[in-house]
Amino acid sequence: MEQEFFNFLRSSSNSKTFNYGNNSKVMVNKVRYNDKLDILYALESYSGKLFDLHSPFKYSGIYDKENDKLFDIEYSIRYNLLNWDYNNKEYINADDLYKMINTDVNDKIKEVIDNGKEDVFDISEVEIAEEITDSDVISEFMNGKLSNTLEDSYRKYSTEKSQNILDYLTDKESFLEEEARDFILDNMTSILKGLAITEEKRKQLKSIEDNVDHPYHKIKNIITSVKDNNCVTVNLTINKDGTEQTFKYNADALIHNYNSSYLSTYNIEKLADRNLFEETFGRWNDLHYEDIIKITYGKNTIYEDTNFKEKEVEECLS
């Protein structure tokens, strides 16, 4: 029935009734929106009688005449006439279209900003109230962002206006140009502030990158070693105030808690080890990344604090 339906869409006819199943039928009306698009409205009946004076026609999709393509088609047409499931590559619903529009407009905005940084988007005179510190870039650093790869951050365009779908499908390039321009004009102050904050973050990241003794490097090495080995639990060896202890620890907690000021002792797997930690270091003492000197997984050492090891050697020789 797919071929029959597309033949109707391509024809000069504005209405057609399609039968399916035992008694069911659907009447589809094709209404011209412009030279490129038709809007579809459908009336469905499971009893075989289309007109019961109560059931209205409802919006059922968009037909792109130029590209012979359907968008946002409702269930009855999609499933009963075309036999398309949700995974069919031809099926593009309104949510998909909004995602496409948002991506394309934001790409256009980025292009405009990148091309205008010397003049229109000059941030040399932009002041930001907040001071950017190491903690403001820890997530970026732990996720592999560098000062030269950090992307500009500013308010992003987003739409769920149905008119934008029609305008996008009618004339994509003109729509993108207009939407990007209007968005930039309406949000210039916040965009400039976002660009200025990003630049400060780049400077902060650069200072961390250049300081090999910065504690973030150790945290990142620990996280990377645990991630790379797909660990569930690991054996941690810690050294606090010259005292060592080894215990099993939850791997996810090591990976995801870098934003916290400490690592919870509740993620020590065995209660006996948790109690020993409290007896040795005090009940209210916390565990920190800086305390970790070695991590093993199975029989393999996956992380070792070389600075601590070198310090031990120096103390032995002195």
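When a residue number appears, it is its place in the shown sequence, counting from 1.
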[Y] backbone acceptor or donor facing [X] side chain under 3.5 Å:
| X | Y | answer |
| --- | --- | --- |
| S13 | S15 | yes |
| N88 | E90 | yes |
| T149 | K145 | no |
| N102 | K99 | no |
| S60 | E74 | no |
| N229 | S225 | yes |
| N211 | S207 | no |
| N250 | D252 | yes |

State, without any angle test, whether [X] and [Y] hold a side-chain donor-acceptor pair at a distance under 3.5 Å.
| X | Y | answer |
| --- | --- | --- |
| D68 | Y63 | yes |
| T233 | E269 | no |
| D72 | Y59 | yes |
| T170 | D167 | no |

* Test side chain to side chain donor-acceptor pair (under 3.5 Å) on E209 and S147 and set out the steps. => CA-CA 8 Å; E209 292 162 22; S147 56; 3.1 Å; yes
More than 12 heavy atoms of other residues, nucleotides or ligands under 6.0 Å from [atom1] of [X]: yes or no?
| X | atom1 | answer |
| --- | --- | --- |
| N19 | CG | yes |
| E4 | CD | yes |
| D85 | CG | yes |
| E118 | CD | no |
| Y33 | OH | yes |
| K30 | NZ | yes |
| E2 | CD | yes |
| R155 | CZ | no |

For [X] and [Y], work out which heavy atoms get closest and say how close.
| X | Y | result |
| --- | --- | --- |
| W84 | L70 | CH2-CD1, 4.4 Å |
| L176 | Y168 | CD2-CE1, 4.2 Å |
| E44 | S76 | OE2-OG, 2.7 Å |
| V232 | Y297 | N-CE1, 4.4 Å |
| Y289 | L254 | OH-O, 2.6 Å |
| D122 | L192 | O-CD2, 4.3 Å |

* **From CA spacing to verdict: salt bridge (charged side-chain N to carboxylate O under 4.0 Å, His left out), K240, D286** => CA-CA 10 Å; K240 290 176 73 70; D286 293 318; over 6 Å; no
* For D64, which of K69, K36, K172 qualifies under salt bridge (Lys or Arg N to Asp or Glu O under 4.0 Å)? -> K36
* **Heavy-atom check, side chain of L195 versus side chain of V126, under 4.5 Å** => no
* **Student check: side-chain heavy atoms of E179 and I101 closer than 4.5 Å** => no
* Show the numbers, then the answer: is there a side chain to side chain contact (heavy atoms under 4.5 Å, CB included) between I92 and M100? => CA-CA 10 Å; I92 301 173; M100 292 162 60; 4.2 Å; yes
* To do: In sequence, state the C-alpha distance, the side-chain angles, and the governing distance for N221 and T224, and then conclude on side chain to side chain donor-acceptor pair (under 3.5 Å).
  => CA-CA 5 Å; N221 289 337; T224 300; 5.5 Å; no
* To do: Classify the ring geometry between H217 and F141 as parallel (under 30°), tilted (30 to 60°) or perpendicular (over 60°).
  =>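 The arrangement is perpendicular - the two ring planes meet at more than 60°.
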* Less than 4.0 Å between a side-chain N and a carboxylate O, is that true for K65 and D38? -> yes
* Asked: Does the pair E290/K218 count as a salt bridge with the N-to-O cut at 4.0 Å?
  -> no
* Is the NZ or CZ atom of K16 both under 6.0 Å from the centre of the six-membered ring of F18 and within 45° of that ring's axis? ->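 Yes; both conditions hold, so K16 lies above the ring face of F18.
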* Examine K89 relative to Y91 and say whether NZ or CZ is less than 6.0 Å from the centre of the six-membered ring and inside a 45° cone about the ring axis. => no
* To do: Identify the residue among R202, K203, K201 that makes a side-chain hydrogen bond (donor to acceptor under 3.5 Å, both in side chains) with E199.
  =>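 It is R202; the other options fail the test.
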* Asked: Looking at N106, D107, D114, which hits side-chain hydrogen bond (donor to acceptor under 3.5 Å, both in side chains) with K110?
  -> D114
* Asked: How far apart are the C-alpha atoms of Y249 and D273, what are their side-chain angles, what is the distance that settles it, and do they pass the side chain to side chain contact (heavy atoms under 4.5 Å, CB included) test?
  -> CA-CA 10 Å; Y249 197 81; D273 288 336; over 6 Å; no
* Assess whether side chain to side chain contact (heavy atoms under 4.5 Å, CB included) is satisfied between I197 and E130, documenting all intermediate values. => CA-CA 9 Å; I197 290 173; E130 60 269 38; 3.5 Å; yes
* Evaluate the side chain to side chain contact (heavy atoms under 4.5 Å, CB included) criterion for residues N93 and R78: first the C-alpha distance (whole Å), next the side-chain angles of each, then the deciding distance (0.1 Å), finally the verdict. => CA-CA 11 Å; N93 63 19; R78 177 186 64 78; over 6 Å; no
